[in-house]
There are 2 protein chains.
Amino acid sequence: MTTTVLLVDDHPVVRSGLRAVIEAGDALVVVGEAATGEQAITLAGHLHPDVVLCDLRLGSGIDGIRTTIELRALDPAPVVLILTTFDRDAEVLGAIEAGAAGYLLKDVDPEVIVEGIRRAAAGDMVLAPDLATRVLKGMRSPLPKLTDREIEVLRHLARGATNKEIARTLFVTEATVKSHLAHIFTKLDVDSRSRAIHVAQETGLI
Amino acid sequence: MTTTVLLVDDHPVVRSGLRAVIEAGDALVVVGEAATGEQAITLAGHLHPDVVLCDLRLGSGIDGIRTTIELRALDPAPVVLILTTFDRDAEVLGAIEAGAAGYLLKDVDPEVIVEGIRRAAAGDMVLAPDLATRVLKGMRSPLPKLTDREIEVLRHLARGATNKEIARTLFVTEATVKSHLAHIFTKLDVDSRSRAIHVAQETGLI
DNA sequence: AGCGGCATCAGCCATTTGGCTGATACCTGA
DNA sequence: TCAGGTATCAGCCAAATGGCTGATGCCGCT
């Protein structure tokens, strides 16, 4: 019984590499490739692959998490395995919550990827070893929930804007910006804008 | 006359993909693969490839620019073609200054990569279209040269450290840290730590 | 109708940060 | 030997930042 796989990655080169790696064995067969999340959803609806191997970052369109959610809503729902370069906490959790069966880092050896797909197809949870603890850690101290406005302020912060500049851009007073910042600092458990930026980038909040 | 190519990328999957893409035609042959810059330099010294296709980000070891410099110091020196996902100004310039014959973005189609290698091997300069203007723009305002100490301070800055913390870590007084920061700010043409962090990240300084 | 969350704003005050000027010491290369 | 770059430190001062307390209006949910 061969397992069918759909590849989703915005880089043609990576797709070629995955295809080469996956088809080197004979238990897996790549039935399709998609460059965007939208394409992946359409293709999966037609091809009914057993497993979808999906990059988290998909360029301009919808991201891997959104794609995962849509894929899992299909009937029959494919097993979704997330593949990515970075191991940001927020994204690990996001992917798992979205219904992904696991999470592989791109810098692992081919056989690990193949083995991951095999195990995911069998219904196992697949996590890169150094990620398992991270996920658990994340479970213990769930990501702080920032409001949309706070995220917006955070983005300006990360671009190096001063309170005054942020205030001007958002058409509010500096007092308001300071208020948002105070909340952000509390939620992120930091006490300076620099560290807030750092934490936000670390956890993938922005 | 076939052109020999050495692949340098820390992701096995990407190497597989590049190999598949490159060897699809018959004008190019991949003679080796390296996962790190150090490995690339050693291999290039033995294999004497015509072209080295090198990722800018190589994980933990030396980066693509450093690798380029070392490769260009070999005799005979291979043509170095930089491949990467991001089009950061600093890195474009850095790579060109380091002697790279060009710069390709990873998200292009296979044939563009093959064509790029062919042209680089022929002695052409290869720049992704949307990068040419960027390079020229960058030429006008060359990258500021920071000292080692300043880079060190900048890293701590980017991790959100206060002046006091940086001072403690580096075993100097706060006055010294402030002095370094003043120089950094002047060189980066900014006036706040947040913006310094942003510029440093944008330009790939850290 | 009331409660909680959110976005908005204000004032006060201590700390941090950044601009400026200037000094010492070391090292390297002309 | 001298100039220039680097790293180190100091003091002064203005501006930005962060902590605190508190207030208003809006919206959605119960």
Side-chain angles (χ1 to χ4, degrees), chain A residues 90 93-94 97 141-203 205-206, chain B residues 66 69 90 93-94 97 141-203 205-206:
Chain A
L93 290 187
E97 282 171 10
S141 60
L143 266 198
K145 293 252 187 297
L146 298 198
T147 68
D148 290 348
R149 198 55 159 172
E150 284 161 358
I151 294 285
E152 204 176 349
V153 171
L154 201 45
R155 286 189 207 283
H156 288 286
L157 206 65
R159 292 197 345 245
T162 63
N163 292 348
K164 215 183 289 278
E165 289 168 343
I166 298 175
R168 267 204 304 276
T169 309
L170 300 184
F171 299 105
V172 296
T173 64
E174 225 180 307
T176 302
V177 174
K178 289 182 66 173
S179 172
H180 286 310
L181 280 182
H183 291 145
I184 293 171
F185 288 179
T186 303
K187 290 182 180 178
L188 298 188
D189 190 29
V190 299
D191 53 7
S192 79
R193 50 213 294 111
S194 303
R195 217 184 286 278
I197 294 169
H198 183 240
V199 170
Q201 291 177 341
E202 277 278 295
T203 59
L205 264 174
I206 55 172
Chain B
R66 179 97 244 134
I69 294 172
L93 291 188
E97 281 171 12
S141 60
L143 259 201
K145 293 254 187 297
L146 297 198
T147 68
D148 290 348
R149 197 55 157 173
E150 284 161 358
I151 294 285
E152 203 176 350
V153 171
L154 200 46
R155 286 189 206 284
H156 288 287
L157 206 64
R159 292 198 342 245
T162 64
N163 292 347
K164 217 184 287 277
E165 289 168 343
I166 298 175
R168 268 205 303 274
T169 309
L170 300 184
F171 298 105
V172 296
T173 65
E174 225 180 308
T176 302
V177 174
K178 287 182 66 173
S179 172
H180 286 309
L181 280 183
H183 290 144
I184 292 171
F185 287 0
T186 302
K187 291 183 181 179
L188 298 188
D189 189 30
V190 297
D191 54 5
S192 80
R193 53 215 291 115
S194 303
R195 218 184 286 276
I197 295 169
H198 183 242
V199 170
Q201 291 177 342
E202 275 280 294
T203 60
L205 264 173
I206 53 172

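Proteins get letters first, then strands, A, B, ... in listed order; numbering begins at 1 in each. Quick caveat, the model's predicted, so the values are computed rather than measured.
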Do you know which two heavy atoms are closest between A:Ile166 and A:Val153, and how far apart they sit?
-> CD1-O, 4.3 Å
Applying salt bridge (Lys or Arg N to Asp or Glu O under 4.0 Å) to B:Arg155 and not counting sequence neighbours gives none
Quick one: is A:Thr176 getting a side-chain N or O under 4.0 Å of the C:dC9 phosphate, OP1 or OP2?
-> yes
Applying side-chain hydrogen bond (donor to acceptor under 3.5 Å, both in side chains) to A:Arg149 and not counting sequence neighbours gives A:Glu152
Nearest-nucleotide wise, let me know which of A:Val172 and A:Lys187 is further upstream toward the 5' end of DNA chain C.
-> A:Lys187
List the atom pairs, with distances to 0.1 Å, where a side-chain N or O of residues 184-192 of chain B and a protein N or O form a donor-acceptor pair under 3.5 Å, not counting sequence neighbours.
from     : atom 1 : to       : atom 2 : distance (Å)
B:Thr186 : OG1    : B:Ala182 : O      : 2.9
B:Lys187 : NZ     : B:Lys145 : O      : 3.0
B:Lys187 : NZ     : B:Glu150 : OE1    : 2.9
B:Ser192 : OG     : B:Arg195 : N      : 3.2

What is the bend of the helix from C:dA1-D:dT30 to C:dA30-D:dT1 when you compare the axis at one end with the axis at the other, using five pairs each and rounding to 10°?
-> 40°
If you check the A:Thr147 side chain, which of C:dC6, C:dT8, D:dT6 turns out closest?
-> C:dC6
What integer distance in Å separates A:Glu150:CD from C:dA7:C1'?
-> 10 Å
Protein-nucleotide distance (B:Ile184, atom CD1; D:dT6, atom P), rounded to Å | 12 Å
Got a sec, which pairs hit side chain to side chain donor-acceptor pair (under 3.5 Å) with one end in residues 168-180 of chain B, sequence neighbours left out?
-> B:Thr173-B:Thr176
Do A:Asn163 and A:Arg193 touch side chain to side chain, with heavy atoms closer than 4.5 Å?
-> yes
Distance check: side-chain N/O of A:His183 vs OP1/OP2 of C:dC6, anything under 4.0 Å?
-> no
In B/S/- notation, 5' to 3', how is nucleotides 10-30 of chain C contacted by protein heavy atoms closer than 4.0 Å?
-> B-----SSBB-----------
Atom CZ of A:Arg195 and atom P of D:dT17 are separated, to the nearest Å, by 17 Å
Specify the separation, in whole Å, of atom CG of A:Asp189 and atom C1' of D:dG18.
-> 15 Å
Between NE2 of A:His180 and C1' of C:dG5 the distance, given in whole Å, is 13 Å
A:Ile166 CD1 to C:dT8 C1', in whole Å, measures 16 Å
If every non-hydrogen atom of A:Leu154 is compared with every non-hydrogen atom of A:Ala200, which pair is closest and at what distance?
-> CD2-CB, 3.8 Å
Specify the separation, in whole Å, of atom CZ of B:Phe171 and atom C1' of D:dA7.
-> 17 Å
